[in-house]
Amino acid sequence: MPKTPFYITTAIDYPNAKPHIGHAYEKIVADMIARWHTLQGEDVFFLTGTDEHGQKIEKAAKEAGKTPKHFVDDMSAHFQKLCTALTLSNNAFIRTTDKKHVKTAIEILKKVNSKDNVYFGTYEGLYCTGCESFKTEKELKNGLCPDHLKAPEHVKEESYFFKLSKFHQQIKQHIEQHPEFIRPESKRNEILQRLQEPLQDLSISRANFTWGIPVPKEITTTASTKKHIIYVWFDALLNYISGIAYPTKKFQKYWNNAHHLIGKDIAWFHTVIWPAILLAAEVPLPKTVYCHGFLTVDGQKMSKTLGNVVDPMAVIEKYGTDPLRYTLLRDVPAGQDGDFSEKTLIARNNSELADALGNLLQRTTVLIQKNFHGNIPVCGTLTEKEKSLEKSIPDLQELNTLMEKYQWHHVVEKVWNYINACNKYCNDTEPWKQTNDPERLATILYTLVEHLRMISILTWPVTPASAEKIACQIGQPLGKLKDAKFAKKTKGTLAQAQILFKKIEQKTVSPSLLAIAKTTGQQPTVNSFAMLNLKVARIEKVENHPNADKLYVLTLDAGERKQIVAGVKQFYKPEELLSKQIVFISNLKPAQLRGVESQGMMLAAEKEGVVRVLEAPNAKPGEQVFVEGITPAAQQITIEDFQKVTITTKDKKAAYNGKPLQTKTGTIYVDIADGAKIK
Ligand code: ME8
């Protein structure tokens with residue numbers, strides 16, 4: 001019976017900056033899934049691409065001094081190169097600026113409109129350009145978008161609306177009746193929870209910038225005073241059908257079994273908005289939306305400001321593709337957040353790739369070359385040892401079930417347990433000592449080669465280049481999943497031996513991988529503690545400012561002598577300040593304040609008219625003040641830069657983003673109520 005075709009997509013990435021390791025992760029997972037289905041003999045279509053319209057792109061292009069089209073042409077090329085470097089098996093790479101996509105987007109919007117699903121009105125609300133979406137007050141944390149740590153813009157403008165609310169119950173029912181529609185279960189529950197609340201209609205056009213697909217004239221009303229473009233998410237989601245040539249036969253073939261792999265941050269768009277658009281356009285819904293977790297780097301969220309954005313191309317150049325693929329697939333549990341660290345990659349490469357897999361191939365092929373002139377020997381009588389090894393071949397049905405449940409990391413684990421069992425068999429049977437018993441030697445080496453043949457099949461979705469090298473070295477074609485069973489009659493001649501994986505010297509994270517996804521050269525604007533270099537200082541002398549009533553001139557011991565001007569006269573008497581160990585910004589550009597030079601700024605917290613200085617009573621003068629995981633900047637900053645950083649207080653401690661400010665000897669103390677702002 002012919003198998004059902006299988007369609008897998010990734011999210012399409014914003015090319016406002018170069019790709020980061022999170023983009024690579026999603027593509028690697030999708031590739032493993034695509035290859036797994038190919039191994040099952042299915043006709044697979046794997047789509048990935050770039051999401052090229054919208055305000056975020058227009059802004060990035062402007063900052064780069066390029067037209068949006070020129071900019072996305074350059075940037076999309078980086079994502080396409082990444083696909084090649086990751087050895088992805090994608091069948092197409094869609095760009096939302098492709099003519100065919102634009103045509104589909106217009107066609108679908110017209111269709112949605114023709115069924116009375118679009119109306120004209122006015123939108124007023126908060127817009128986060130980072131997310132390219134409107135936000136409710138409830139979604140913000142301290143007034144900021146939790147994903148982009150920026151305050152959204154207040155927008156009021158005319159807009160075309162999509163009647164999202166009309167599809168509320170239908171979508172809820174679909175999710176309830178199709179447990180496989182949203183995976184993992186935790187995401188499904190979260191979305192169902194959100195669907196308990198009323199659904200607002202969706203603004204699907206923008207008129208305050210121009211980089212996008214124009215709203216077709218069939219829809220525009222005379223009430224509109226402006227030219228509108230289609231909202232970037234409405235446009236972008238349609239890539240999943242334009243990428244398989246909606247509404248042609250190709251579309252009919254793949255869409256029936258469509259699976260979207262996306263990150264957890266964009267689940268709402270894919271599980272509520274996207275189905276509503278499809279229902280409105282009378283297109284069936286995809287089978288599954290699988291939401292994977294986020295990658296952090298050495299335990300920290302990636303951000304341009306922190307300078308810890310890992311460039312996957314740099315990792316590949318340094319260590320190769322398969323070690324990166326293996327580490328991410330093995331190390332990050334499906335559906336959960338995970339961490340990328342160079343240290344882990346090196347450790348896994350050395351033990352599980354070079355020592356386990358590489359060595360198994362090396363030992364087997366060297367012994368066959370030496371004892372059988374490179375020809376696969378004929379298998380003799382199988383003993384208990386061979387039969388026991390056969391039992392360690394992973395159960396294919398079990399692996400298929402795990403893949404269907406999107407538990408790819410367990411599949412990787414099971415395959416590598418099998419590789420370890422093969423190595424153990426090799427150690428136990430000691431073929432190098434069997435030269436006096438040619439039949440036994442032949443049987444052991446045959447067994448090893450036969451298992452390597454199966455290993456080449458089972459590792460192909462994970463480490464495809466190495467899998468193909470293994471098949472080639474043992475002179476076998478790469479089989480399908482059904483061929484992953486022990487056969488007694490495999491024949492062939494080995495090819496020239498090649499090293500599969502090189503061992504890597506253990507090092508700490510190298511800055512070369514932390515290539516900030518720099519496209520525009522602009523300075524970071526995100527609220528960040530990383531800009532500051534804070535130090536502890538002891539107040540040695542307190543004097544009145546000669547030209548200002550409200551200011552003191554403080555002499556500090558900060559490991560070196562410093563002088564600063566401080567506006568705390570109305571809150572502290574000189575003797576209250578003297579000998580205090582305070583915190584000051586040591587990388588602030590010196591400034592003349594009323595004719596006196598200030599070489600930094602003392603930090604104090606303010607709430608409802610009360611001002612208290614930050615104190616580090618147990619630290620040594622000159623000690624660094626830091627927040628765990630953030631490296632303090634070395635370059636000078638201005639007072640405006642400092643004003644972008646939000647430090648608050650909780651339980652009499654100063655904190656940034658919920659993490660305490662500290663020195664290596666203790667936390668920073670401040671005698672004020674919770675929620676005070678540090679100034
Ligand atoms: O959201 N770890 O684009 P994008 C893992 N254009 N995955 C991550 C990640 C991280 N640290 N950061 C981002 C968009 N991702 C839209 C999608 S689809 C019609 C439009 C994932 O470039 C993210 O969750 O911000 C998303 O699935 C993909 O990378 C692209 O993110």
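Read the numbers this way: they start at 1 and go in the same order the structure lists the ligands and their atoms.
- Counting non-hydrogen atoms of neighbouring residues, nucleotides and ligands closer than 6.0 angstrom, the NZ atom of Lys111 exceeds 12 such neighbours.
- A donor atom on one side chain and an acceptor atom on the other are found under 3.5 Å apart for Tyr254 and Asp43.
- Here the heavy atom of the protein found nearest to atom 19 (C) of ligand 1 is Tyr240 OH, 3.5 Å.
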### Message
Set out, in order, the CA-CA distance, both residues' side-chain angles and the distance that settles salt bridge (charged side-chain N to carboxylate O under 4.0 Å, His left out) for Asp31 and Lys27, then state yes or no.
### Response
CA-CA 6 Å; Asp31 192 53; Lys27 292 181 198 304; over 6 Å; no
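- The neighbour count for Lys62 NZ, taken as heavy atoms of other residues, nucleotides or ligands under 6.0 Å away, does not exceed 12.
- Counting protein heavy atoms only, atom 12 (N) of ligand 1 is closest to His20 CE1, 3.3 Å.
- Within 6.0 Å of CD on Gln200 lie no more than 12 heavy atoms contributed by other residues, nucleotides or ligands.
- Remark: minimum distance from atom 11 (N) of ligand 1 to any protein heavy atom is reached at Leu295 O, 3.2 Å.
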### Task
Dump the intermediate steps for side chain to side chain donor-acceptor pair (under 3.5 Å) on Glu107 and Thr104, then the final yes or no.
CA-CA 5 Å; Glu107 211 173 297; Thr104 305; 5.3 Å; no
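- Listed by atom number, the atoms of ligand 1 under 4.0 Å from Ala236 heavy atoms are 19 (C).
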### Task
Would you please test Tyr290 and Trp408 for ring-ring contact (aromatic ring centres under 6.0 Å, His included) and show each step?
CA-CA 12 Å; Tyr290 189 90; Trp408 60 82; 5.6 Å; yes
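- The nearest heavy-atom contact from the protein to atom 17 (C) of ligand 1 is Ile12 O, 3.2 Å.
- Residue Lys250 places its NZ atom among more than 12 non-hydrogen atoms of other residues, nucleotides or ligands, all under 6.0 Å distant.
- The shortest N or O to N or O distance between Met302 and ligand 1 is not below 3.5 Å.
- Of the protein's non-hydrogen atoms, the one nearest atom 31 (O) of ligand 1 is His23 NE2, 3.8 Å.
- Which parts of ligand 1 touch Ala11 is read off a 4.0 Å heavy-atom cut-off, strictly below it: atoms 18 (S), 26 (C), 27 (O), 28 (C).
- Assignment of Pro15 to the shell around ligand 1 is not supported, since no heavy atom sits closer than 4.0 Å.
- Neither side chain, Thr96 nor Asn239, offers a donor N or O lying under 3.5 Å from an acceptor on the other.
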### Task
Evaluate salt bridge (charged side-chain N to carboxylate O under 4.0 Å, His left out) for Lys264 paired with Glu190, printing each intermediate quantity in order.
CA-CA 11 Å; Lys264 61 178 185 178; Glu190 185 190 311; over 6 Å; no
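- Any N or O atom pair closer than 3.5 Å counts here, and Asp51 shares at least one such pair with ligand 1.
- Given atom 8 (C) of ligand 1, the protein heavy atom at minimum distance is Phe294 CE1, 3.7 Å.
- For a threshold of 3.5 Å applied to N or O pairs, the pair formed by Glu26 and ligand 1 contains at least one separation below that value.
- By the criterion of a heavy-atom distance under 4.0 Å, neither the backbone nor the side chain of Phe269 is placed next to ligand 1.
- For ligand 1, the polar-atom distance check against Asn239 finds no nitrogen or oxygen pair separated by under 3.5 Å.
- Between the side chain of Asn308 and the main chain of Lys301, a donor-acceptor pair closer than 3.5 Å is present.
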### Message
Is there a ring-ring contact (aromatic ring centres under 6.0 Å, His included) between Tyr25 and Phe340? Walk through the geometry before answering.
### Response
CA-CA 10 Å; Tyr25 173 62; Phe340 172 79; over 10 Å; no
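- In the vicinity of Gly263, heavy-atom distances shorter than 4.0 Å reach the ligand 1 atoms 24 (O), 27 (O).
- Protein heavy atom closest to atom 3 (O) of ligand 1, with residue, atom name and distance, is Tyr14 CD1, 3.2 Å.
- A donor-acceptor contact closer than 3.5 angstrom links the side chains of Asp201 and Tyr119.
- Residue contacts with ligand 1: Trp233 is included, with a non-hydrogen atom under 4.0 Å away.
- When heavy-atom distances to ligand 1 are checked against a 4.0 Å cut-off, Asp13 comes that close through both its backbone and its side chain.
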### Task
Let me see the working for Arg95 and Glu52 under salt bridge (charged side-chain N to carboxylate O under 4.0 Å, His left out), right down to the final yes or no.
CA-CA 7 Å; Arg95 301 181 54 191; Glu52 304 187 354; 2.6 Å; yes
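- Near Gly293, meaning under 4.0 Å from one of its heavy atoms, ligand 1 places the atoms 5 (C).
- Distances shorter than 4.0 angstrom occur between a heavy atom of His292 and an atom of ligand 1.
- Atoms of ligand 1 found under 4.0 Å from any heavy atom of His270, numbered from 1 in the order shown, are 18 (S), 19 (C).
- Short contacts between ligand 1 and Asp265, defined as distances under 4.0 Å to a heavy atom of the residue, involve ligand atoms 23 (C), 24 (O).
- Polar contact check, Ile262 against ligand 1: no nitrogen or oxygen pair lies under 3.5 Å apart.
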